[in-house]
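We name chains A, B, ... by the order of the sequence lines, and we start the count at 1 in each one. Only this structure's heavy atoms are used, side chains among them; waters, hydrogens and symmetry mates stay out.
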Number of protein chains: 2
Amino acid sequence: MSMDAVFRALADPTRRQLLDSLHARNGQTLNALCEHMDMTRQAVTKHLAILEGANLVTTMRRGREKEHYLNPVPINEIAERWIGKFERHRLSALSDLKQRLEREEP
Amino acid sequence: MSMDAVFRALADPTRRQLLDSLHARNGQTLNALCEHMDMTRQAVTKHLAILEGANLVTTMRRGREKEHYLNPVPINEIAERWIGKFERHRLSALSDLKQRLEREEP
DNA sequence: TTAATATGCAACCATTTGGTTGCATGTCAA
DNA sequence: TTGACATGCAACCAAATGGTTGCATATTAA
């Protein structure tokens with residue numbers, strides 16, 4: 001569960017759209033997911049493989065179909081372990097920046 | 001302030017490292033930032049330009065030096081507008097996934 | 001003024017990325 | 001069983017990405 005894989009997976013708008021789609025309706029098959037996308041099935045498959053590699057999506061074969069489930073845990077971990085760090089010092093960093101900018105034109 | 005630019009800027013480990021470095025010590029010059037990095041100054045410049053384009057870093061010329069300041073606002077916006085959405089349904093999505101998995105082997 | 005320092009600009013290159021097409025495999029239903 | 005349907009695999013391609021080198025410009029300090 002490398003954090004880098006999660007960040008890189010989230011970098012592409014198509015993949016974020018896929019996560020959105022699963023967020024709206026969980027457990028969609030590959031074909032169902034493809035219907036909203038303006039690209040070939042194979043391209044969507046590649047994106048889903050990247051999301052799966054980042055552990056953001058879990059799949060399950062049911063007969064000849066493959067169901068896709070959203071796994072929100074990695075997103076949550078990024079929020080807690082990485083974003084939280086910056087959020088904590090948000091106000092101090094901002095005031096620091098403002099002070100410097102005001103010092104610019106005396 | 002497109003969210004896509006922020007996501008793509010955060011996708012690269014070098015750029016996250018630069019944000020970390022600024023988080024540790026705000027207002028560093030280009031040369032100061034380069035000292036921790038194992039690449040040429042020009043490569044670092046490009047990364048900083050991308051961070052600046054995503055509004056994650058603000059720069060200020062002071063004499064012949066250029067100071068770099070962290071702007072945590074875009075990170076915060078992503079946390080609130082995008083990550084929050086998934087976080088809210090975190091538990092329900094997880095239990096949903098578990099239910100499906102348990103249904104698998106009756 | 002001149003030399004050293006800090007940064008900017010541009011061309012170039014290898015690799016990665018995001019997409020395609022073509023075909024193969026596996027499963028359901030008539 | 002056979003045809004239709006859902007997915008998998010692989011080769012290929014253009015464009016973006018991350019890095020380099022070489023040189024230009026601007027500012028400080030001796």
Side-chain angles (χ1 to χ4, degrees), chain A residues 2-22 25-54 56-70 100 103-105, chain B residues 2-22 25-54 56-70 100 103-105:
Chain A
S2 99
M3 203 165 65
D4 188 64
V6 180
F7 271 114
R8 269 188 295 120
L10 294 180
D12 187 90
T14 300
R15 291 194 285 271
R16 292 197 302 275
Q17 195 183 337
L18 284 168
L19 292 181
D20 280 339
S21 184
L22 287 178
R25 193 155 61 91
N26 211 3
Q28 290 182 72
T29 67
L30 173 59
N31 260 352
L33 286 168
C34 284
E35 278 174 11
H36 317 307
M37 304 292 160
D38 195 24
M39 61 185 66
T40 62
R41 174 179 55 83
Q42 287 82 350
V44 176
T45 302
K46 283 191 186 180
H47 284 298
L48 287 170
I50 291 173
L51 289 171
E52 215 180 328
L56 284 162
V57 161
T58 304
T59 64
M60 207 167 57
R61 205 59 196 259
R62 193 175 305 281
R64 64 179 162 180
E65 296 185 338
K66 192 176 185 182
E67 296 175 345
H68 296 76
Y69 293 94
L70 176 66
R100 299 267 181 167
R103 247 205 303 136
E104 189 66 344
E105 302 177 59
Chain B
S2 99
M3 203 164 67
D4 187 64
V6 180
F7 271 114
R8 270 188 295 122
L10 294 179
D12 187 273
T14 301
R15 291 194 284 271
R16 293 197 302 275
Q17 195 183 336
L18 285 168
L19 292 181
D20 280 340
S21 185
L22 287 178
R25 192 154 62 90
N26 212 2
Q28 291 182 72
T29 67
L30 173 59
N31 260 352
L33 286 168
C34 284
E35 279 175 9
H36 318 307
M37 303 294 159
D38 196 24
M39 62 185 66
T40 61
R41 174 179 55 83
Q42 287 80 350
V44 175
T45 302
K46 283 191 186 180
H47 284 299
L48 287 170
I50 291 174
L51 289 171
E52 216 179 327
L56 284 161
V57 162
T58 304
T59 64
M60 208 167 54
R61 208 57 199 260
R62 194 180 299 283
R64 65 179 161 183
E65 296 185 338
K66 193 176 186 180
E67 298 176 343
H68 296 76
Y69 294 92
L70 177 65
R100 298 269 180 165
R103 249 208 298 138
E104 190 65 344
E105 303 175 58

- prompt: Can you name the residues that form a side-chain contact (heavy atoms from CB on, under 4.5 Å) with A/Ala5, not counting sequence neighbours?
  reply: A/Ser2, A/Ala54
- prompt: Quick one: salt bridge (Lys or Arg N to Asp or Glu O under 4.0 Å) pairs with a partner in residues 31-43 of chain A, sequence neighbours left out?
  reply: none
query: Considering only heavy atoms, which members of residues 7-15 of chain B lie under 4.0 Å from some atom of DNA chain C?
result: none
- request: For A/Met39 and D/dA14, give me the distance from atom CE to atom C1', rounded to whole Å.
  value: 15 Å
- request: Name all residues meeting the side-chain contact (heavy atoms from CB on, under 4.5 Å) criterion together with B/Thr14; count only those two or more places apart in sequence or in a different chain, and write none if there are none.
  value: B/Asp12, B/Met37, B/Met39, B/His47
task: Mind checking side chain to side chain donor-acceptor pair (under 3.5 Å) for B/Glu65 and listing every partner two or more places apart, or none if nothing turns up?
output: none
task: With sequence neighbours left out, write down each residue that passes side chain to side chain donor-acceptor pair (under 3.5 Å) with B/Asn31, or none if nothing qualifies.
output: none
DNA chain C: 5'-most and 3'-most nucleotides touching chain B, 4.0 angstrom heavy-atom criterion: C/dA4 to C/dA11
- line: Sorted by chain and number, sequence neighbours left out, side-chain contact (heavy atoms from CB on, under 4.5 Å) with B/Leu33 holds for B/Leu18, B/Ser21, B/Leu22, B/Gln28, B/Leu48, B/His68
task: Report the distance from atom NZ of B/Lys46 to atom P of D/dA16, rounded to the nearest whole Å.
output: 14 Å
task: Only counting residues at least two apart or in another chain, list the ones meeting salt bridge (charged side-chain N to carboxylate O under 4.0 Å, His left out) with B/Arg15.
output: none
Under 3.5 Å, which protein N or O atoms sit close to an N or O of nucleotides 3-8 of chain D? Give each pair with its distance.
{"from": "D/dC5", "atom 1": "O2", "to": "A/Arg64", "atom 2": "NH1", "distance (Å)": "3.3"}
{"from": "D/dA6", "atom 1": "OP2", "to": "A/Asn31", "atom 2": "ND2", "distance (Å)": "3.3"}
{"from": "D/dA6", "atom 1": "O5'", "to": "A/Asn31", "atom 2": "ND2", "distance (Å)": "3.4"}
{"from": "D/dT7", "atom 1": "OP1", "to": "A/Leu30", "atom 2": "N", "distance (Å)": "3.2"}
{"from": "D/dT7", "atom 1": "OP1", "to": "A/Lys66", "atom 2": "N", "distance (Å)": "3.1"}
{"from": "D/dT7", "atom 1": "OP2", "to": "A/Asn31", "atom 2": "N", "distance (Å)": "2.8"}
{"from": "D/dT7", "atom 1": "O4", "to": "A/Arg41", "atom 2": "NH2", "distance (Å)": "3.3"}
{"from": "D/dG8", "atom 1": "OP1", "to": "A/Lys66", "atom 2": "NZ", "distance (Å)": "3.1"}
{"from": "D/dG8", "atom 1": "N7", "to": "A/Arg41", "atom 2": "NH1", "distance (Å)": "3.1"}
{"from": "D/dG8", "atom 1": "O6", "to": "A/Arg41", "atom 2": "NH2", "distance (Å)": "3.1"}

- request: Under the side chain to side chain donor-acceptor pair (under 3.5 Å) rule, collect the residues that match up with A/Gln42, sequence neighbours excluded.
  value: none
statement: Heavy-atom nearest nucleotide on DNA chain C taken for A/Gly63 and for A/Val44; more 5' hit belongs to A/Val44
- request: Would you indicate whether the side-chain heavy atoms of B/Leu30 and B/Thr59 approach each other to under 4.5 Å?
  value: no
message: Suppose we screen for salt bridge (charged side-chain N to carboxylate O under 4.0 Å, His left out). Which residues come up paired with A/Asp4, at least two apart in sequence or across chains?
response: A/Arg8, B/Arg16
